[in-house]
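All values derive from a computational prediction rather than experimental measurement. Positions are given from 1 along the sequence.
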Amino acid sequence: MMGLALEQAQQASAQGEVPVGAVAVSAEGQIVGRAHNRRALDQDPLAHAEILALQQAARSLGSWRLVGVTLYVTLEPCTMCAGALVNSRIQRLVYGCDDPRAGAVRSLYAVCEDPRLNHRVEVVRGVEAEACASLLRAFFASRRQDRVES
């Protein structure tokens, strides 16, 4: 499933978006949501891959409680997305590379496993980490190069 999330991230990159992709999978193994970052395309600060995939999953399953759902995402979620994972009651988060600047699952905070919250999310990190990180590095290197040339 991380391969599908990487495909979503590549689509984001091709559209000039930060290459983050997410895939939501039901307890039965069905894909119930897939998305990539669309903040610039939609001019929406909430259009992170995780949020969009969770919204699709909720529509697909007919419930905001995403019990039994696993979300695969290429980059460690930010505070907004980590909070959405807890609030949606997903069972498990599988992510690729850490985000030392904004990650709220392990790097800066541990929102998904905070015992003070009413739900905890099982976390698996580092799946296809190098492929996920490589895509992000290439995207930002290209952006820096574009700025130098202009």
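- Taken to the nearest 0.5 Å, the SG atom of C97 stands 8.0 Å off from the CZ atom of R137.
- Closest heavy-atom contact between S107 and E76: OG-OE1, 2.6 Å.
- The closest side-chain heavy-atom distance from N87 to W64 is not below 4.5 Å.
- The other members of the hydrophobic cluster of Y72, by chain and number, are M1, M2, L4, V23, V25, I31, V94, V124, V127 (side-chain heavy atoms under 4.5 Å, ILVMFWY only).
- The two residues A53 and A22 make their nearest non-hydrogen contact at CB-CB, 4.0 Å.
- Summarising the geometry, atom CZ belonging to F140 is positioned 9.5 Å from atom OG belonging to S13; distances are rounded to the nearest 0.5 Å.
- From R34, atom CZ reaches atom CD of Q56 across 8.5 Å, with rounding to the nearest 0.5 Å.
- For E17 (side chain) and A40 (main-chain N/O), a donor-acceptor pair under 3.5 Å exists by modelled atom type.
- The distance from atom NE2 of H48 to atom CZ of R38, rounded to the nearest 0.5 Å, is 13.5 Å.
- Counting heavy atoms from C-beta on, the side chains of Q15 and L41 come closer than 4.5 Å.
- Remark: L6 engages T74, E128, A131, C132, L135 in a side-chain contact (heavy atoms from CB on, under 4.5 Å) (not counting sequence neighbours).
- The heavy-atom pair separating V20 from V73 by the smallest distance is CG1-CG2, 3.9 Å.
- When all heavy atoms are compared, the tightest approach of I90 to V69 is CB-O, 3.6 Å.
- One finds the CG atom of L52 at 7.5 Å from the CG atom of D44 (value rounded to the nearest 0.5 Å).
- Annotation: side chain of P19 is in contact with side chain of L136 (closest heavy-atom distance under 4.5 Å).
- When all heavy atoms are compared, the tightest approach of V105 to Y95 is CG1-CE2, 3.9 Å.
- Annotation for R39: atom CZ does not count as buried by contact number, only 12 or fewer foreign heavy atoms lying within 6.0 Å.
- Nearest heavy atom pair, residue M80 against residue L46, reads SD-CD2, 3.3 Å.
- Annotation: the span from L93 atom CG to E122 atom CD amounts to 9.5 Å, rounded to 0.5 Å.
- Put simply, the side chain of D99 does not reach to within 4.5 Å of the side chain of L108, judged on heavy atoms.
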request  = Could you check R106 against D98 for salt bridge (charged side-chain N to carboxylate O under 4.0 Å, His left out), going step by step and ending with a plain yes or no?
outcome  = CA-CA 8 Å; R106 292 262 196 257; D98 290 331; over 6 Å; no
